[in-house]
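What follows is a single structure, written as structure tokens, with notes after it.
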Amino acid sequence: IGTPRGTRVQNFESSLLSFENLDRASPDLWPEQLPGVVEFAASCKNSITNSPPKWMADLENEDIEMLKELGSLTTANLMEKVKGLQNLAYQLGLEESREMTRGKFLNILERPKK
């Protein structure tokens with residue numbers, strides 16, 4: 001009737017084994033795919049770590065301190081800060097709406113007639 005299933009699986013698995021020893025330390029076996037890439041990557045890494053990102057160029061010390069402060073907050077504290085900013089924006093919107101209505105009633109927003 002044939003060989004048992006376990007023996008066939010074992011024979012199949014043993015046929016997949018490779019006893020070849022690949023030494024990755026040898027540059028002849030593993031040549032650089034694009035010559036000069038390793039040196040270029042190293043030089044880019046050095047130039048990146050020495051200079052601040054472009055987006056930080058226009059920041060003042062006060063802005064950087066604010067970023068550090070926000071970065072040190074826990075998730076819950078950061079969410080509270082965001083909620084506070086949303087509430088402040090809403091309050092400013094209400095105040096602006098009142099002032100625009102006031103300006104309309106006082107006729108200070110009309111264009112001069114020609």
Side-chain donor-acceptor pairs of residues 79-93 under 3.5 Å, sequence neighbours excluded:
residue	atom	partner	partner atom	Å
Asn87	ND2	Lys83	O	3.4

> By side-chain contact (heavy atoms from CB on, under 4.5 Å), which residues pair with Leu59, not counting sequence neighbours?
Replying inline: Trp55, Met56, Asp63, Ile64, Leu67

>> Suppose we screen for side-chain contact (heavy atoms from CB on, under 4.5 Å). Which residues come up paired with Leu78, at least two apart in sequence or across chains?
In response: Leu70, Leu73

> What pairs with Glu60 under salt bridge (charged side-chain N to carboxylate O under 4.0 Å, His left out), at least two apart in sequence or on another chain?
Replying inline: none

>> So for atom CG, which belongs to Asp58, do other residues, nucleotides or ligands contribute more than 12 heavy atoms lying within a distance under 6.0 Å?
In response: no

>> Can you pull out every salt bridge (charged side-chain N to carboxylate O under 4.0 Å, His left out) where at least one residue sits in residues 95-106? Sequence neighbours excluded, please.
In response: Glu99-Arg102

>> Suppose we screen for side-chain hydrogen bond (donor to acceptor under 3.5 Å, both in side chains). Which residues come up paired with Thr101, at least two apart in sequence or across chains?
In response: none

> What pairs with Asn77 under side-chain hydrogen bond (donor to acceptor under 3.5 Å, both in side chains), at least two apart in sequence or on another chain?
Replying inline: Thr74

